[in-house]
Amino acid sequence: CSSDLWFARAARPSGPCEARHNRAMAEKIIPLADHRYASSVPPVPAQDVAPTGLLGDALGRPLRELRISVTDRCNFRCSYCMPKEVFDKQYSFLPHASLLSFEELTRVARLFVAHGVHKIRLTGGEPLLRKNIEALIGMLAELRTPEGEALDLTLTTNGSVLERKAQALKEAGLKRITVSLDALDDAIFRRMNDVDFPVDEVLRGLEAAQRVGLGPIKVNMVVKRGTNDDQILPMARHFRGSGMVLRFIEYMDVGATNGWRMDEVLPSAEVVERIAAAFPLDAAEAAAPGETAQRWRYRDGAGEIGVISSVTQAFCHDCNRARLSTEGKLFLCLFANQGHDLRALLRGGYSDAQIAGAIGLVWQQRDDRYSELRGQQQADTGSGQRRVEMHYIGG
Ligand code: SAM
Ligand code: SF4
Ligand code: SF4
């Protein structure tokens, strides 16, 4: 029975499987995140087929972006992502040997690039906590698309150590950066990161990133109704005219630990309405196909904002993103509960051509479109459904 991974240590059962369920159910259930998510080793095709860079999935969507979670650890405990009650001192994060090495990551990234990926985003957990991340950035910056172009290489960070890392990241070859920031008000920000981290340090990190040229910088704000929605206007005011693009993300039902409730989601349409009432906005065209954010431009020329409406307006129809977990499992959707174990192939003596073939097969069979199905009430949104956690799969 794998269900013991689901229940809080206090309720850890000991009898036969069903009795274990019953006992656990009788006690307070706290879903525990665990890294032993279901996965299978993808089949390797009998004959090598060279990547064409034109791979399509079962719904005709190309493979364009790879998000890599370089660590499952984080120094913040944002309640919507890694709630303190679950990710506490006893929580066992992945041991170092489980993580893909920089050489393994670069090898697998090269195969994805051959299949058509031209954008790589490093994420986590907190990617700047991975030791010597600059070395990995340097290795990935060397990769070239089949057309001979450098990759769009970016990274999402909570900004906590950005002030002292910005220069080295730029020198290593990072093109640009996205910084998460949920509030300008110090008390609200400290409450949301739940480790009492001051907002000033993140703001200084943003300044440093801008100074060294890691732009255009994006700032991501997850909006939770009743928690930080009063920060929408102060944030908009602060970042207008700064050259940075503020993006509002609808609070999502990712993972199994954040206790998501629909009434805490503030629809993006309302965010746009609130901002437009103070600073008139015009809709702008998407910059690239598959872009997650809808763009809005300030009428007075003070820049733009973006809204990411993953809950109220699904954008699965052109989702071109694959995700690689910290331990090398390939996930085809943020809401997947099953990964494809590429590490087993990387460490199993398979050739590049064989692994590229396996990746190709997996992508060709992809038909995930969770958010669209959720919108049509067809997705299984039950709280008992085990889904992979965002810090592990990469946000
Ligand atoms: N630690 C880094 C950071 O916070 O930027 C990178 C990893 S984090 C998982 C990536 C992004 O996912 C962040 O912008 C974060 O705000 C967002 N995120 C995490 N949980 C979320 C949720 N439940 N709903 C919406 N966005 C979420
Ligand atoms: Fe850490 Fe980022 Fe998750 Fe916050 S959103 S807990 S900073 S990984
Ligand atoms: Fe892509 Fe899955 Fe999100 Fe849809 S729900 S946009 S398929 S990651």
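Counting starts at 1 for both ligands and their atoms, in listed order. Sequence positions, counted from 1, serve as the residue numbers for this chain.
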request  = Using a cut-off of 6.0 Å, state whether more than 12 heavy atoms not belonging to Y350 lie near its atom OH.
outcome  = no
ask   = What's the spacing between R323 CZ and R321 CZ if we round to 0.5 Å?
value = 6.0 Å
key: Test salt bridge (charged side-chain N to carboxylate O under 4.0 Å, His left out) applied to D152 and R64, R176, K175, the passing residue   = R176
Interatomic spacing from CG in L94 to OG in S325 - rounded to 0.5 Å = 7.5 Å
request  = Report the nearest protein non-hydrogen atom to atom 24 (N) of ligand 1: residue, atom name, distance rounded to 0.1 Å.
outcome  = M252 N, 2.9 Å
request  = Looking only at protein heavy atoms, identify the closest one to atom 3 (Fe) of ligand 2 and say how far it is in Å.
outcome  = C81 SG, 2.4 Å
query = Within a strict 4.5 Å, meaning less than it, do heavy atoms of the L266 and I232 side chains meet?
reply = yes
task = Taking the side chain as every heavy atom from C-beta outward, state whether T292 and R247 have any pair of such atoms under 4.5 Å apart.
result = yes
task = Run the numbers for me: atoms of ligand 1, each under 4.0 Å from some heavy atom of T123, listed by number.
result = 6 (C), 7 (C)
ask   = Does C78 bring an N, O or S atom to within less than 2.8 Å of atom 4 (Fe) of ligand 2?
value = yes
message = Suppose we measure from atom 1 (N) of ligand 1 to each protein heavy atom; which comes out shortest, and what is that distance?
response = G125 O, 3.0 Å
message = Taking the cut-offs as 6.0 angstrom to the six-membered ring centre and 45 degrees off its axis, would you call R225 and Y251 a cation-pi pair?
response = no
task = Pick one of side chain, backbone, both or neither for how R67 approaches ligand 3, counting any non-hydrogen atom pair under 4.0 Å.
result = neither
note = If you scan protein heavy atoms around atom 9 (C) of ligand 1, the nearest is G124 O, 3.6 Å
inquiry  = Can you report which non-hydrogen protein atom sits closest to atom 14 (O) of ligand 1, along with the distance?
reply    = S180 OG, 2.7 Å
task = Do me a favour and list the nearest non-hydrogen protein atom to atom 4 (Fe) of ligand 3 with residue, atom name and distance?
result = C316 SG, 2.3 Å
remark   = The answer for which part of T156 has a heavy atom under 4.0 Å from ligand 1 is both
message = Just to confirm my output: which protein heavy-atom neighbour is closest to atom 26 (N) of ligand 1, and how far is it?
response = V222 CG2, 3.4 Å
Pairwise distance CE(M139) to OG1(T106) - rounded to 0.5 angstrom = 3.5 Å
key: Ligand-residue contact atoms, ligand 2 with N158, heavy atoms, under 4.0 Å   = 7 (S)
key: Taking atom 1 (Fe) of ligand 2 as the reference point, the nearest protein heavy atom with its distance   = C74 SG, 2.3 Å
task = Would you check if Y392 and F331 make a side-chain contact, meaning some heavy-atom pair closer than 4.5 Å?
result = yes
request  = Compute the centroid of each ring, for F87 and then for H391, and state whether the two points are separated by less than 6.0 Å.
outcome  = yes
inquiry  = Only heavy atoms of T157, strictly under 4.0 Å: list the atoms of ligand 1 that pass.
reply    = 2 (C), 3 (C), 5 (O)
query = Which atoms of ligand 1 sit under 4.0 Å from any heavy atom of N220?
reply = 14 (O)
ask   = With a 4.0 Å heavy-atom cut-off (strictly under), which part of V179 contacts ligand 1: side chain, backbone, both or neither?
value = neither
ask   = So, do D253 and F335 sit near enough that their side-chain heavy atoms are less than 4.5 Å apart?
value = yes
request  = Specify the closest pair of heavy atoms between A38 and N337, including all atoms of both residues, with the distance to one decimal.
outcome  = CB-O, 3.8 Å
Protein heavy-atom partner closest to atom 7 (S) of ligand 3 - residue, atom, separation in Å = D368 O, 3.6 Å
remark   = protein heavy-atom neighbour closest to atom 8 (S) of ligand 3 works out as L334 N, 3.3 Å
query = Going by the atom numbers of ligand 1, which of them fall below 4.0 Å from some non-hydrogen atom of Y251?
reply = 23 (N), 24 (N)
ask   = Does M221 have a non-hydrogen atom less than 4.0 Å from ligand 1?
value = no
request  = Taking only heavy atoms of I249 into account, list the atoms of ligand 1 that are under 4.0 Å away from them.
outcome  = 25 (C), 26 (N)
key: Atoms in ligand 1 flagged as close to V254, the criterion being non-hydrogen separation under 4.0 Å   = 22 (C), 23 (N)
ask   = Numbering the atoms of ligand 1 from 1, which are under 4.0 Å from a heavy atom of N158?
value = 2 (C), 3 (C), 5 (O)
inquiry  = Would you say that more than 12 heavy atoms from the other residues, nucleotides or ligands in this model lie under 6.0 Å from the CD of E147, or not?
reply    = yes
message = What protein heavy atom lies closest to atom 12 (O) of ligand 1? Include the residue and the distance to one decimal.
response = M390 CE, 3.2 Å
request  = List the closest protein heavy-atom neighbour of atom 10 (C) of ligand 1: residue, atom name, distance to the nearest 0.1 Å.
outcome  = G395 CA, 3.8 Å
key: C81, any N or O under 3.5 Å of ligand 1 N or O   = no
note = Min over F76, Y392, Y80 of heavy-atom distance to atom 21 (C) of ligand 1 lands on Y80
request  = Examine ligand 2 and decide if any of its atoms is less than 4.0 Å from a heavy atom belonging to G125.
outcome  = yes
key: Closest protein heavy atom to atom 2 (Fe) of ligand 3, given as residue, atom name and distance to 0.1 Å   = C333 SG, 2.3 Å
remark   = Note: R321, heavy atoms under 4.0 Å from ligand 3, region reported as side chain
